Trainee: 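Structure incoming, see below.
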Amino acid sequence: MLLVSASSLPSILHFLPGSDPPYKVLEQHPYLNLLAKCNNINTFKQIHSLLIKTGLHNTIFVQSKLIHFCAVSPSGDLSYALSLFARNQQQQIHNHFIWNALIRGHSLSPSPISSLYFFSRMLHYGLQPNSHTFPFLFKSCAKSKATHEGKQLHAHALKLSLHFHPHVHTSLIHMYASVGELDFARLVFDRSPLRDAVSFTALITGYVSQGYVDDARRLFDEIPTKDLVSWNAMIAGYVQSCRFEEAIECFCEMQKTNISPSKSTMVTLLSACGHTGSRELGNWIGSWVRDNGFGSNLQMTNALVDMYSKCGEIDTARQLFDGMEEKDVISWNTMISGYSYLSLYEEALALFDVMLRSNVKPNDITFLGILPACACLGALDLGKWVYAYIDKNLKSSSNASLWTSLIDMYAKCGCIEAAEWVFRSMNSSSLSAWNAMLSGLAMHGHAEKALALFSEMVDKGFQPDDITFVGILSACTQAGLVDLGQNYFRSMMQDYGICPKLQHYGCMIDLLARAGKFEEAEILMKNMEMEPDGAIWGSLLSACKAHGRVELGEYVAERLFQLEPENAGAFVLLSNIYAGAGKWDEVARIRTRLNDKGMKKVPGCTSIEIDGVVHEFLVGDKFHPECKNIYSMLDEIDKLLEENGFVPDTSEVLYDMDEEWKEGALSQHSEKLAIAFGLISTKPGSTIRIVKNLRVCGNCHSATKLISKIFNRQIIARDRNRFHHFKDGFCSCNDCW
DNA sequence: CTAGGGTTAG
């Protein structure tokens, strides 16, 4: 079959099948050197053709090289290896190298367990597995959690007395540790005389993966001569166990040895720096990266971007990100979740948009960064798109947090029904999914549903945690269910043994104070083992406002001023209390105090999403392109409100008392602007959804109730604390918020 | 001629 002229052939002419020349000769053949440098399948095929021309392809040696390349190399192709194997099986079945390469190739494939099939065929042809065979087999069992098969192979290795071979031994430990059989792993380790760093490290990572990082550390200390990999494994073990400080300490210990850190050490360490906010160490690693020539390494740069953004240096992170020549999906995800982590949600969504335009395929992690941004901004259209995308492309994702994030997003975007739908369609619910659903219902004021859901989850055997009870208690708070709330609070401690945290006390104090039970709230505050935070004083202060308790309000406000001197909202609340009691001189005094301190209250801001674009409005905002139409709609609204007997409540007028907008400040509140824009930009009868960054003021609340009736629209408004569903002149919060 | 332990985003 060889139709090549003799003159074009290199020094070795063709060989008859099975008659290999000495290895020494073959090994140095230039075509085989090419194969060693080859990194893609097309080049491989060219080399293959060259080898056919020389006739060398008939030698077992070359065939084993070819099969090895296709089966094992990351740029290879396992099915091609199999076709090469099929072609010359008669000779190849007697060669160990080829079987081992095929078994190894399958251990790297998506279905590693199929390597066992090749193993049994190998036995069938009468070949004995050797010390090279077992490590790949154990790796396959480890990957596919095939405990039973692993044990049979273990027995096989014992029979052949290969179990104390260093490579076999270590992969055996690794296998038992990976399938969760730590005791077996330990037994194998203890029974063997082998005590090298490699087998120690295999056992250590097993302990770490089962959460026994302290046991892992004890083993680590026993290693006679620790090497780079064992140090890296120990540091990574601490990181995996979220013990970041200890990871850093471990690195400092490593620095005292003569083992230099590697790229992996630094990548792991950067994660610890991000979680602990260790900017200094992070920067030091940054220079190490440059000095050691890893400046353009993808993995390293990703880790640096992560560290910088988690340490709050988002601009440095972005600069690095923008400067990357090559970005993978992890780079994008890191940068996006960096923005989300720092609550820079608009930036997160903007970058997500760029990511899609760059044709990078998002994955589950991307959405874990994007969904909280949708939730916080109320970007429902994008949220819906994400849901559809996940449903279509990531449905099989076992990532339970993805579904939990979807529930949370729908709830926070005002679609509690959609949240319930996602929750019910999850094939296996997790505790966090129940918790997300529960707090969603609470946010929407559906206390009864929330409490029913709680019974359901208990019936199904889920053990409620502290977060569950934050949801339950806030459901009671939003609905004003004082007695029930107190019962659940008691049950939490007595039946579930959960020690109340600040958040639980906050709910209870809020619950009692709203109901006017200030004395009981005070007793609770005195009995807590921690100091009340600003949120607790703040909820007391707004309860004082609701119940007209001027004196108590003054006391509470002073405490709040001490705790949070920059909190302008506290000053505004106190001034509203004075205004409600007609104490205008006190109102003026507070304003002076505010001005003297040069403080600016957080401006009220309302956003509304129309056709996937989020529009933001500030009070009296005139920057919107549709400004003219919005304001004429606003006039129309005010006219209709007046005709329907609406009397503005001016008691909270300081709320937005910027000099320029004294006049008509109330009618131009950001939520009203957003509603006006919603009315002119959406179809009649459709639901309007708005998101406000502060609490809805009393005046807007009454106005919105009436607007829902006059325009026959359901208006769903999210404020700082909860949702208001306005319909037919009523609000779901029953005016208690 | 092959081979064992660690390797980024949540």
Side-chain angles (χ1 to χ4, degrees), chain A residues 20 23-24 26-28 32 35-36 60-65 67-69 71-72 95-105 107 130-139 142 162 165-175 177-178 189 194 196-206 208-209 223 227-237 239-240 262-271 274-275 297-307 309-310 328-338 340-341 362-369 371-372 399-402 404-405:
Chain A
D20 279 19
Y23 291 140
K24 281 267 152 56
L26 283 168
E27 227 177 19
Q28 288 155 11
L32 288 181
L35 196 58
I60 289 294
F61 180 85
V62 167
Q63 284 171 20
S64 79
K65 287 288 177 203
I67 290 175
H68 182 265
F69 177 87
V72 174
N95 183 287
H96 273 103
F97 298 104
I98 290 176
W99 284 109
N100 287 346
L102 288 172
I103 289 170
R104 185 179 174 195
S107 80
N130 60 18
S131 66
H132 294 269
T133 320
F134 283 105
F136 306 132
L137 290 169
F138 288 135
K139 200 164 238 180
L162 286 171
H165 183 284
H167 291 116
V168 178
H169 176 246
T170 313
S171 57
L172 190 52
I173 293 171
H174 174 82
M175 185 273 292
S178 310
F189 178 82
L194 296 164
D196 62 354
V198 185
S199 41
F200 264 107
T201 309
L203 195 56
I204 285 171
T205 51
V208 168
S209 70
I223 303 179
D227 64 5
L228 175 65
V229 178
S230 50
W231 279 104
N232 286 354
M234 196 61 240
I235 296 171
V239 169
Q240 276 166 38
S262 66
K263 191 187 96 191
S264 306
T265 324
M266 293 317 198
V267 167
T268 315
L269 205 57
L270 281 172
S271 158
H275 283 102
N297 178 279
L298 180 61
Q299 187 185 356
M300 199 75 232
T301 317
N302 284 343
L304 277 173
V305 169
D306 181 54
M307 180 276 295
S309 58
K310 289 245 174 63
D328 63 359
V329 65
I330 296 178
S331 326
W332 290 93
N333 289 349
T334 306
M335 197 64 228
I336 288 173
S337 20
S340 272
Y341 183 82
N363 62 14
D364 48 347
I365 310 295
T366 320
F367 295 121
L368 288 180
L371 284 169
N399 199 331
S401 344
L402 194 56
T404 307
S405 296

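Just so we're on the same page: letters track the sequence lines, and every chain starts at 1. Predicted model, so just to flag it, every value in this text is computed and none were measured.
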Trainee: Report which part of the nucleic acid A:S230 touches: base, sugar-phosphate, or nothing (heavy-atom distance under 4.0 Å, all strands).
Mentor: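 It contacts base atoms.
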Trainee: Taking CZ from A:F138 and C1' from B:dA3, how many angstroms apart are they, rounded to a whole number?
Mentor: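 Rounded to whole Å, this separation is 13 Å.
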Trainee: Has the side chain of A:T205 got a donor or acceptor atom sitting under 3.5 Å from an opposite partner on the base of B:dG5?
Mentor: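 Between B:dG5 and A:T205, which were checked side chain against base, a qualifying N/O pair under 3.5 Å is absent.
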Trainee: From C-beta outward on A:S131, which listed nucleotide comes closest to its side chain: B:dA3, B:dG6, B:dT8?
Mentor: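 Output: B:dA3.
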Trainee: Figure out the CG/C1' separation between A:N333 and B:dA9, and round it to whole Å.
Mentor: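 After rounding, the reported distance stands at 6 Å.
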Trainee: Check the distance between B:dG10's C1' and A:N302's CG and give it to me in whole angstrom.
Mentor: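 After rounding, the gap between these two atoms is 14 Å.
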Trainee: For a quick test of reading the model: is some side-chain N or O of A:K310 closer than 4.0 Å to OP1 or OP2 of B:dG10?
Mentor: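 True: A:K310 side-chain N/O within range (under 4.0 Å) of B:dG10 OP1/OP2.
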Trainee: Rounded to the nearest angstrom, tell me the gap between atom CG in A:D227 and atom C1' in B:dG5.
Mentor: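 Computing the A:D227:CG to B:dG5:C1' distance gives 8 Å.
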Trainee: Is any side-chain N or O of A:S271 closer than 4.0 Å to OP1 or OP2 of B:dA9?
Mentor: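 Yes, because at least one side-chain N or O of A:S271 sits under 4.0 Å from OP1 or OP2 of B:dA9.
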Trainee: If you check every side-chain atom of A:Q240, which of B:dT7, B:dG6, B:dA9 has the closest atom?
Mentor: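 Among the listed nucleotides, the one closest to the side chain of A:Q240 is B:dT7.
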Trainee: If I take atom CG in residue A:L269 and atom P in nucleotide B:dT8, what distance separates them, rounded to the nearest angstrom?
Mentor: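 The distance from CG of A:L269 to P of B:dT8 comes to 14 Å, rounded to the nearest Å.
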Trainee: State whether A:Q299 places a side-chain N or O below 4.0 Å from either non-bridging phosphate oxygen (OP1 or OP2) of B:dA9.
Mentor: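 No, no such contact exists.
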Trainee: Name all residues meeting the side-chain hydrogen bond (donor to acceptor under 3.5 Å, both in side chains) criterion together with A:D196; count only those two or more places apart in sequence or in a different chain, and write none if there are none.
Mentor: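 For A:D196, the residues satisfying side-chain hydrogen bond (donor to acceptor under 3.5 Å, both in side chains) (neighbours in sequence not counted) are A:S199.
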Trainee: Between the base of B:dG5 and the side chain of A:T201, is there a donor and acceptor pair under 3.5 angstrom?
Mentor: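 It does, because a donor-acceptor pair links the side chain of A:T201 to the base of B:dG5 below 3.5 Å.
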Trainee: For A:F189 and A:H169, take the angle between the two ring planes, folded into 0 to 90°, and tell me which bin it lands in: parallel under 30, tilted 30 to 60, perpendicular over 60.
Mentor: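 Ring orientation, 0 to 90° scale: parallel.
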Trainee: Could you please spell out the steps behind the side-chain contact (heavy atoms from CB on, under 4.5 Å) verdict for A:M175 and A:L172?
Mentor: CA-CA 5 Å; A:M175 185 273 292; A:L172 190 52; 3.8 Å; yes
Trainee: What's the closest nucleotide to the side chain of A:H68 if the choices are B:dT2, B:dG6, B:dG4?
Mentor: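 Within the option list, the nearest is B:dT2.
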Trainee: Taking atom types as they are modelled, is there a donor-acceptor pair under 3.5 Å from the base of B:dA3 to the side chain of A:N100?
Mentor: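 Side chain to base: no pair below 3.5 Å.
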Trainee: What residues form a side-chain hydrogen bond (donor to acceptor under 3.5 Å, both in side chains) with A:S262, not counting sequence neighbours?
Mentor: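 For A:S262 the side-chain hydrogen bond (donor to acceptor under 3.5 Å, both in side chains) partners, ignoring immediate neighbours, are A:N232, A:T265.
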Trainee: Whether A:H132 contacts B:dC1 is assessed here as follows: a side-chain N or O lying under 4.0 Å from the phosphate OP1 or OP2. Is that the case?
Mentor: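 Result: no.
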Trainee: Side chains of A:L368 and A:S401: does their closest heavy-atom pair fall under 4.5 Å?
Mentor: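 Counting from C-beta outward, A:L368 and A:S401 do come under 4.5 Å.
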Trainee: Is A:K263 near enough to B:dT7 that one of its side-chain N or O atoms lies under 4.0 angstrom from OP1 or OP2?
Mentor: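 Answer is no, no contact under 4.0 Å.
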Trainee: Output the rounded distance in Å from CG (A:L304) to C1' (B:dT8).
Mentor: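 So the two atoms are 11 Å apart, to the nearest Å.
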Trainee: If you check the A:F136 side chain, which of B:dG10, B:dC1, B:dG4 turns out closest?
Mentor: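 From the listed options, B:dG4 comes nearest.
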Trainee: Between B:dC1, B:dT8, B:dG4, which nucleotide has the shortest distance from any of its atoms to the side chain of A:D196?
Mentor: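 The answer is B:dG4, which lies nearest to the side chain.
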Trainee: For A:Q299 and A:I330, what are the C-alpha separation, side-chain angles and deciding distance, and is it a side-chain contact (heavy atoms from CB on, under 4.5 Å)?
Mentor: CA-CA 9 Å; A:Q299 187 185 356; A:I330 296 178; over 6 Å; no
Trainee: NA contact type, A:S262, heavy-atom cut-off 4.0 Å: base, sugar-phosphate, or nothing?
Mentor: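 It contacts base atoms.
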Trainee: Closest to the A:N232 side chain: B:dG6, B:dA3, B:dA9?
Mentor: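 Minimum distance to the A:N232 side chain belongs to B:dG6.
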Trainee: A:I204 CD1 to B:dG4 C1': how many Å, rounded?
Mentor: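 Atom-to-atom, A:I204 to B:dG4, this comes out as 15 Å.
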Trainee: With the side chain of A:V198 defined as its heavy atoms from C-beta on, choose the nearest nucleotide among B:dC1, B:dG5, B:dT2.
Mentor: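 Closest nucleotide to the A:V198 side chain: B:dG5.
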Trainee: Report the distance from atom CG of A:L270 to atom C1' of B:dT8, rounded to the nearest whole Å.
Mentor: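 Answer to the nearest Å: 9 Å.
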Trainee: Counting heavy atoms from C-beta on, name the nucleotide in B:dT7, B:dG10, B:dG4 closest to the side chain of A:T170.
Mentor: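 The answer is B:dG4, which lies nearest to the side chain.
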Trainee: Has the side chain of A:D364 got a donor or acceptor atom sitting under 3.5 Å from an opposite partner on the base of B:dG10?
Mentor: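 Donor-acceptor pair under 3.5 Å: no.
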Trainee: Could you check whether A:Q63 gets within reach of a base, just the sugar-phosphate, or nothing at all, counting any heavy atom under 4.0 Å?
Mentor: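 Touches nothing.
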Trainee: Nearest to the A:V229 side chain among B:dA3, B:dG6, B:dT8, which nucleotide is it?
Mentor: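 That would be B:dG6.
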Trainee: Distance check: side-chain N/O of A:R104 vs OP1/OP2 of B:dA3, anything under 4.0 Å?
Mentor: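 True: A:R104 side-chain N/O within range (under 4.0 Å) of B:dA3 OP1/OP2.
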Trainee: Kindly determine whether A:I173 and A:F138 satisfy side-chain contact (heavy atoms from CB on, under 4.5 Å), including the steps that lead there.
Mentor: CA-CA 9 Å; A:I173 293 171; A:F138 288 135; over 6 Å; no
Trainee: From the set B:dA3, B:dG6, B:dA9, return the single nucleotide nearest to any side-chain atom of A:H165.
Mentor: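 Given the options B:dA3, B:dG6, B:dA9, the side chain of A:H165 is closest to B:dA3.
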